[in-house]
Amino acid sequence: MLRYLLTEDDIGAIRFGISPLTELGLSLRAITDPSLFPLQLGWLRRTEAARERLDLETLLALVDERGWIPDFLNPRPASPLTRLDDEFAALLATPPEVFRAELEAVFGEVPPVFRGSPTRALRRIERALRELWAGCFEPYWPRMRAVLEADIVYRGRQVAQSGLAPMLNGLSPRVEYEHGVLAIRLTDPTVRERPIGGDGLTLIPTMFTRRSSAPVGDGPPMLLYPARGQGALWETEPVSNPAAVAAVLGETRAGLLAALGEPASSTELAVRLGVTPSAVNQHLRVLREAGLLTATRYGRSVLYLRSELGTGLLAGAGAGAGAGAGVGTGVGVGAGVGAGAGATSAP
C-alpha cells in the first residue's frame, strides 16, 4: 500500500503525463508474460517477428518476476510534446550510483548483464530500447498515443463535470481517494506514506498496467493507471448504424458519429472502423462543418467528440447515443502535462 498525502496546494497541482520511454519499459511486462495483458495480444502478435531480432538478454533483465521495473526507465514527462530522444538523453545521464541503487531496489542486486561499467550498461540498455521502439512501437505509436491522449481528455471532462475525487476514484479499482489521501494498493504489502510536499503528483495513463503502478523508490510522486479504450485498439470495430442516419450521412459518417461518444483521433478511428486515415479525415471535416462534432487539440493530436447536435441526431433516430454526450471540454486538471518520475512496482 502506498499512500500519497496531498494538501490543498498539492491537489491543485495534479498533472497528467505521457512518456514514450515509460511505455517502452512497461511493455517488457507484456513481453515477459503475455497472459497478463490480454488487451495487448494484438500488439504482441503484430510484433512477434520484430521481437525475435531484439537484444532480449538486456531487455528482459530490466523486469523481475513481479513485473517491477527500475525507476530510471520512467523519466519525467516535461510536456505534451515529450520527445523520446530527450528521454534517452536523460537515461544516459543517469548517475552511476543511482543506476546501481535503482537496480538493487528491484532485483536485490545488479543483474549480471549490467555489472561492470554503468556507462557501458546504460548504452547497451539505450541501444536495446531503441531497437524495441523501431521494430515494435514506432509503427503503432500514433494509435497508442491517441488512446492515451483520449484518456486524459476524458479524465479532464470528469473533473469538470463531477469533481476531482470521482475522477481519482475511477482510475482503478485499486486506487482510493478521500480527504487528501490517495491510497494505491500494490502487490508490495509494505505500507508507505509519502507527503507530496510540493513535488507535484503526476497521473500517467499507460497501455501496460492492468491495475495500478507506482514508483519503487522515493522519487517524485506518480501514479500509473490503465488507459481506457485499449480493447478497440488492435481490432476493427464495426458500428451498427441507425438506418435513418446512415441514409442521410452515409454509413461511414454515421459510423463515425456513433463511435465518437468518447474522444478519439482520426488515426484511432481509422483502425477501429477499417477506413483509411485520409478518408476518415475527409468525413470528420464534413461532420465538423455541419456542427455534429467538436475538436480539441491535445499535443500532436486532434481529438474529436460528438457534439450536442450530433448526439441529438442519433438520439432522434433511436441510435441510443449513450455516454459521451455534450460538447467536449479541455483537459481540466493539469491541462499542460506536468512532471512525474519513478519506477513501477505492480503490473
Side-chain angles (χ1 to χ4, degrees), residues 18-69 73-74 84 87 125-151 172 204-213 224-240 252 255-256 259 262-280 300-301 303 344 346-347:
I18 295 174
S19 163
L21 183 53
T22 295
E23 289 300 285
L24 275 175
L26 296 180
S27 74
L28 301 178
R29 297 168 163 179
I31 293 173
T32 301
D33 191 349
S35 66
L36 295 178
F37 295 89
L39 295 181
Q40 301 310 324
L41 290 179
W43 176 74
L44 289 165
R45 285 194 297 268
R46 286 169 169 82
T47 60
E48 186 173 7
R51 284 185 282 115
E52 293 177 354
R53 300 188 291 270
L54 300 177
D55 180 3
L56 293 177
E57 180 185 15
T58 296
L59 294 173
L60 298 185
L62 291 168
V63 57
D64 76 354
E65 68 279 359
R66 301 165 295 183
W68 290 22
I69 296 168
L73 290 183
N74 295 277
L84 183 61
E87 295 188 312
I125 290 170
E126 184 220 13
R127 184 166 56 251
L129 288 171
R130 282 191 181 275
E131 291 170 352
L132 174 61
W133 176 266
C136 302
F137 272 81
E138 194 168 26
Y140 310 108
W141 181 241
R143 304 183 194 177
M144 299 167 82
R145 186 176 186 107
V147 170
L148 302 178
E149 292 175 342
D151 179 276
S172 164
I204 301 184
T206 170
M207 313 293 289
F208 298 100
T209 288
R210 292 180 299 135
R211 297 180 293 268
S212 60
S213 300
L224 291 89
Y225 64 90
R228 302 173 73 257
Q230 298 180 48
L233 184 60
W234 303 112
E235 297 179 1
T236 60
E237 181 184 320
V239 177
S240 179
T252 299
L256 286 168
E262 301 294 347
S265 72
S266 58
T267 303
E268 180 189 355
L269 291 166
V271 174
R272 290 169 61 183
L273 301 180
V275 182
T276 65
S278 60
V280 165
R300 297 182 179 90
S301 300
L303 301 178
T344 54

Participant: Among all residues two or more places apart in sequence or in another chain, which pass the side chain to side chain contact (heavy atoms under 4.5 Å, CB included) test with D64?
Facilitator: R66, W68, V106, F107
Participant: When you check the gap from the basic side-chain N to the acidic O, do R130 and E126 get nearer than 4.0 Å?
Facilitator: yes
Participant: For A264, which residues count as a side chain to side chain contact (heavy atoms under 4.5 Å, CB included) partner, sequence neighbours excluded?
Facilitator: L260, E268, L269, R272
Participant: Under 3.5 Å, is there a donor-acceptor pair between the side chain of R29 and the main chain of G67?
Facilitator: yes
Participant: Report the distance from atom CG of L36 to atom CZ of R211, rounding to the nearest 0.5 Å.
Facilitator: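 Nearest 0.5 Å value for the CG-CZ distance: 8.0 Å.
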Participant: List in chain and number order the residues that pass side chain to side chain donor-acceptor pair (under 3.5 Å) with S19, two or more places apart in sequence or in another chain; answer none if no residue qualifies.
Facilitator: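 Listed in chain order: T22, E87.
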Participant: List for me each residue that meets salt bridge (charged side-chain N to carboxylate O under 4.0 Å, His left out) alongside E57, sequence neighbours excluded, and say none if there are none.
Facilitator: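 For E57, the residues satisfying salt bridge (charged side-chain N to carboxylate O under 4.0 Å, His left out) (neighbours in sequence not counted) are R124.
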Participant: Among all residues two or more places apart in sequence or in another chain, which pass the side chain to side chain donor-acceptor pair (under 3.5 Å) test with T47?
Facilitator: R51
Participant: Tell me every residue that passes side chain to side chain contact (heavy atoms under 4.5 Å, CB included) with A50, counting only those two or more places apart in sequence or in another chain.
Facilitator: R53, C136
Participant: Which residues pass the salt bridge (charged side-chain N to carboxylate O under 4.0 Å, His left out) test with E23, sequence neighbours left out?
Facilitator: none
Participant: Any donor and acceptor pair, going by atom type alone, linking the side chain of D55 with main-chain N or O of A128 inside 3.5 Å?
Facilitator: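 Such a contact is absent between D55 side chain and A128 backbone.
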Participant: Can you sort out the partners of S278 under side chain to side chain contact (heavy atoms under 4.5 Å, CB included), two or more places apart, ordered by chain and number?
Facilitator: T276
Participant: Just to verify, what does F37 make a ring pair (Phe, Tyr, Trp, His ring centres under 6.0 Å) with, not counting sequence neighbours?
Facilitator: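 For F37 there are no ring pair (Phe, Tyr, Trp, His ring centres under 6.0 Å) partners, ignoring immediate neighbours.
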Participant: Under 30°, 30 to 60°, or over 60°: which ring-plane class applies to F137 and W141, parallel, tilted or perpendicular?
Facilitator: tilted
